[in-house]
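Since the structure comes first, as structure tokens, the remarks are kept for the end.
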Amino acid sequence: MIGYDLRDSVGAETYLLTRNLESLHVPLLDLMFDRSLDLWHLHQLGFRVRDMAEVNCEIDCSELITTMYEVGPCSMCRHGCVDYLAGRQDIPAWMGEEIVFDCYPETQAKAVHLS
């Protein structure tokens, strides 16, 4: 299911997994961020991954969300990643220090609540 070229239908795999996610899928999804995607496709993939993680809150997607934070092109998506990780009390120390300087004011505000 995840084996075909992601650029042909970005996010379709995660859409299918949203209601059927198992913990063994998370490392496979993390590999999707290693592909050479343009910024638009990367952004679309980020939307799907965040939706999938929120629907499947019993499965720990923290590493996947952290990867998305690192490679995603959108400040609002980074904010969503910080929200997800803060809700799980799983924000890495380096990220806590970095969000103080984020360009999105709502993300900067999260830094105040973390300290």
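What you are looking at is a predicted structure, and each value in this text was computed from that prediction instead of being measured.
Here Asp90 contributes atom CG and Thr66 contributes atom OG1; the two are 6.5 Å apart, rounded to the nearest 0.5 Å. The line from CG of Asp83 to CZ of Arg88 is 14.0 Å long, rounded to the nearest 0.5 Å. The line from CD of Glu54 to SG of Cys61 is 10.0 Å long, rounded to the nearest 0.5 Å.
Surrounding CD of Glu63 are at most 12 heavy atoms belonging to other residues, nucleotides or ligands under 6.0 Å away. Under a cut-off of 6.0 angstrom, the local environment of CD in Gln89 is sparse, with at most 12 non-hydrogen atoms contributed by other residues, nucleotides or ligands.
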Show every donor-acceptor pair shorter than 3.5 Å between a side-chain atom in residues 97-105 and any protein atom, with sequence neighbours excluded, or say none if there are none.
unit_1, atom_1, unit_2, atom_2, d
Glu98, OE2, Tyr69, OH, 2.8
Asp102, OD1, Tyr104, N, 2.9
Asp102, OD2, Arg78, NE, 2.9
Asp102, OD2, Arg78, NH2, 3.3

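Side-chain contact between Ser75 and Thr107 is absent, with no heavy atoms from C-beta onward closer than 4.5 Å. Within the 4.5 Å cutoff, no side-chain heavy atoms of Pro73 are placed close to those of Trp40.
Under the side-chain hydrogen bond (donor to acceptor under 3.5 Å, both in side chains) criterion, His43 pairs with no residue at all, not counting sequence neighbours.
Phe47 and Val55 end up in different hydrophobic clusters when Ile, Leu, Val, Met, Phe, Trp and Tyr side chains are linked at under 4.5 Å. In this structure, Leu85 is a member of the same hydrophobic cluster as Val71, with clusters built from ILVMFWY side-chain heavy atoms closer than 4.5 Å.
Residues Ala53 and Ile65 share a closest heavy-atom pair of CB-CD1, 4.0 Å. Across every non-hydrogen atom of Glu106 and His79, the tightest pair is O-CE1, 3.4 Å. Across all non-hydrogen atoms, the minimal contact from Cys77 to Met68 is O-CE, 4.3 Å.
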